[in-house]
There are 2 protein chains.
Amino acid sequence: MLRLSKFADYGTQVMAYMAKDGAVHSASEVAAGLDMAAATVSKILKMLARDDLVESVMGAKGGYMLARHPQDISMAEIINAMDGPISITECSGTSACTREALCSTRGNWQGINRIIQEALEKVTLAEMIKPKHNDTKHHTHGHHVVDISAIRSRGKSA
Amino acid sequence: MLRLSKFADYGTQVMAYMAKDGAVHSASEVAAGLDMAAATVSKILKMLARDDLVESVMGAKGGYMLARHPQDISMAEIINAMDGPISITECSGTSACTREALCSTRGNWQGINRIIQEALEKVTLAEMIKPKHNDTKHHTHGHHVVDISAIRSRGKSA
DNA sequence: CCGAACTGGGACTATTTTAGTCCTAGTTGG
DNA sequence: CCAACTAGGACTAAAATAGTCCCAGTTCGG
């Protein structure tokens with residue numbers, strides 16, 4: 001369906017770890033706490049810092065801390081920081097598209113993109129930490145929701 | 001941000017092409033009309049057929065045709081057919097997670113997933129074909145929408 | 001019947017992304 | 001100064017994606 005990089009997941013974990021308090025944590029400390037490779041966590045933290053989701057403190061005794069309160073950080077920001085603002089299609093109205101009818105569908109992808117973006121902006125880190133996420137404000141009428149558990153089942157049987 | 005395979009895009013194009021009429025089109029014809037490699041289109045069509053989005057007619061003079069009316073086909077179905085029901089995280093409550101706090105965030109990913117899924121279910125192929133997609137029913141208040149044009153700009157400058 | 005035109009379903013290869021590691025610099029506390 | 005950290009890449013390894021090809025089965029038309 002939709003694919004989110006593992007980094008987005010890692011990033012969220014790291015952010016969740018740091019959300020426990022406002023203290024400064026070194027990369028190695030977070031790595032130990034999260035049972036991940038130090039180098040990897042370090043990389044993640046750098047990415048998060050680049051997008052101002054965490055603040056860095058240099059030098060000995062340095063480390064990182066959440067730049068804002070968990071309720072002021074959206075999932076869209078975290079995903080953005082980790083995966084970059086990658087969108088659905090490539091053609092941004094530049095070229096490649098020879099046909100009119102085709103490009104029209106392209107433009108519509110962006111509408112879809114925006115919808116997803118908005119949905120992600122509504123979910124905060126604070127909510128992600130809570131034991132169970134109970135939506136922000138979404139009408140969950142009985143739509144036939146697709147099963148989410150079937151990972152990697154590219155080869156369908158039906 | 002979110003990544004959709006190129007196949008999802010191709011699949012949509014193919015579906016859009018076939019939506020022009022209810023006739024039978026061979027893979028090579030679609031390929032020619034869409035200016036894509038025949039083998040690739042053939043593969044796409046097979047995938048779409050497997051999920052009953054198009055119906056196949058075997059033998060000479062055979063080909064594919066839309067299985068339903070464009071307004072009865074959702075983008076979620078097309079994307080699903082092409083990319084499979086891939087979800088955000090891997091752990092489906094099975095194992096790997098040692099920590100409580102971590103897994104709690106995992107569960108919440110699924111909520112997000114559902115939101116996206118629902119959004120995609122509301123957009124039909126018929127709407128995708130229209131010159132400009134004017135949303136289904138989404139409040140587009142002035143949210144700071146992330147720029148969509150910046151493709152592949154993993155290295156941010158800000 | 002036979003051959004041409006198609007689909008069905010893979011296998012297979014190439015290419016691009018993604019993930020993960022490491023190295024050199026710069027900063028700060030003791 | 002030295003030790004503990006972050007900054008920012010470069011680099012390598014692994015995996016997913018995209019794309020091609022092949023062989024089998026089906027149907028139309030002569």
Side-chain angles (χ1 to χ4, degrees), chain A residues 1-11 13-14 18 23-32 34-52 54-65 67 79 82-84 86 89-90 151-158, chain B residues 1-11 13-14 18 23-32 34-52 54-65 67 79 82-84 86 90 151-157:
Chain A
M1 175 84 247
L2 286 148
R3 177 98 189 288
L4 216 46
S5 75
K6 205 180 280 188
F7 277 151
D9 187 37
Y10 287 168
Q13 280 186 234
V14 168
M18 302 193 76
V24 175
H25 305 274
S26 72
S28 55
E29 185 219 310
V30 176
L34 251 27
D35 197 39
M36 295 169 67
T40 300
V41 172
S42 179
K43 181 179 181 179
I44 309 245
L45 250 357
K46 285 174 196 169
M47 290 182 185
L48 292 171
R50 195 180 51 180
D51 273 40
D52 300 310
V54 298
E55 265 173 34
S56 67
V57 179
M58 301 242 295
K61 298 245 170 179
Y64 299 87
M65 66 181 120
I79 295 171
M82 303 307 293
D83 290 357
I86 290 171
T89 38
E90 288 166 25
I151 310 286
R152 294 282 85 199
S153 59
R154 178 60 61 81
K156 281 76 158 286
S157 47
Chain B
M1 175 83 246
L2 286 149
R3 187 79 198 293
L4 215 46
S5 74
K6 205 178 282 188
F7 277 152
D9 186 37
Y10 287 170
Q13 280 186 234
V14 169
M18 302 193 76
V24 176
H25 304 275
S26 71
S28 55
E29 184 219 311
V30 176
L34 251 28
D35 197 39
M36 295 170 67
T40 301
V41 172
S42 180
K43 182 178 179 178
I44 310 250
L45 250 357
K46 284 174 195 170
M47 291 182 185
L48 292 170
R50 196 179 51 181
D51 273 40
D52 300 311
V54 297
E55 267 173 33
S56 67
V57 178
M58 301 242 298
K61 299 244 169 179
Y64 300 87
M65 66 181 122
I79 296 171
M82 303 307 292
D83 291 356
I86 290 171
E90 288 166 26
I151 309 286
R152 295 280 87 201
S153 59
R154 178 59 60 83
K156 283 78 156 287
S157 47

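In what follows, chains carry the letters A, B, and so on, assigned in the order in which the sequence lines appear, proteins first and then strands, with residues in each chain numbered from 1.
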Exercise. Round to the nearest Å and state the distance from A:K43 atom NZ to D:dG9 atom P.
Key: 13 Å
Quiz item: Got a donor-acceptor contact below 3.5 angstrom from the B:S56 side chain to the B:M58 backbone?
Solution: no
Quiz item: With side chains defined as the heavy atoms from C-beta onward, is the minimum distance between B:Y64 and B:V24 less than 4.5 Å?
Solution: no
Practice problem: Measure from CG on A:L45 to C1' on D:dC5 and round the result to the nearest Å. | Solution: 11 Å
Quiz item: Which nucleotide sits closest to the side chain of A:A60: D:dA3, D:dT20, C:dG8?
Solution: D:dA3
Quiz prompt | Distance, rounded to the nearest Å, where A:Y64 contributes OH and C:dT28 contributes P | solution = 14 Å
Quiz item: Could you state the CG-P distance from A:D9 to C:dG20, rounded to the nearest angstrom?
Solution: 11 Å
Quiz prompt | Spacing between A:K46 atom NZ and C:dT21 atom C1', to the nearest angstrom | solution = 11 Å
Exercise. Among C:dG20, C:dT18, D:dT27, find the nucleotide with the atom closest to the side chain of A:S5.
Key: C:dT18
Practice problem: Identify which nucleotide among D:dA18, C:dG29, C:dA19 has an atom closest to any side-chain atom of A:F7, counting heavy atoms from C-beta outward. | Solution: C:dA19
Quiz item: B:T40 has a side chain; which of D:dG19, D:dA3, D:dT6 sits nearest to it?
Solution: D:dG19
Self-check item: Whole-Å distance separating the CD atom of A:E55 from the P atom of D:dC5
Solution: 19 Å
Quiz item: Between the side-chain atoms of B:K61 and the base atoms of D:dG29, is any donor-acceptor pair under 3.5 Å?
Solution: no
Quiz prompt | Distance, rounded to the nearest Å, where A:D83 contributes CG and C:dT16 contributes C1' | solution = 16 Å
Quiz item: CD1/A:I44 to CE/A:M36 distance, rounded to the nearest 0.5 angstrom?
Solution: 5.0 Å
Quiz item: Given that A:A38 and B:G62 both sit by DNA chain C, which one's nearest nucleotide is further toward the 5' end?
Solution: B:G62
Quiz item: If each of A:G59 and B:S26 is mapped to the nucleotide of DNA chain C with the nearest heavy atom, which maps nearer the 5' terminus, i.e. the 5' end?
Solution: B:S26
Quiz item: Of A:S28 and B:M58, whose nearest nucleotide on DNA chain D comes first from the 5' end?
Solution: A:S28
Quiz item: Expressed in angstrom and rounded to an integer, what is the separation of B:M47 atom CE from D:dG19 atom C1'?
Solution: 10 Å
Practice problem: Kindly compute the distance separating CZ (A:F7) from OG1 (A:T40), expressed to the nearest 0.5 Å. | Solution: 7.0 Å
Quiz item: Where do A:V30 and A:H25 come nearest, in terms of heavy atoms and distance?
Solution: CG2-CB, 3.8 Å
Quiz item: Counting just side-chain N and O atoms, does A:Y10 come under 4.0 Å of either OP1 or OP2 of C:dG20?
Solution: yes
Quiz item: Does A:S56 make a side-chain N or O approach to OP1 or OP2 of D:dA7 shorter than 4.0 Å?
Solution: yes
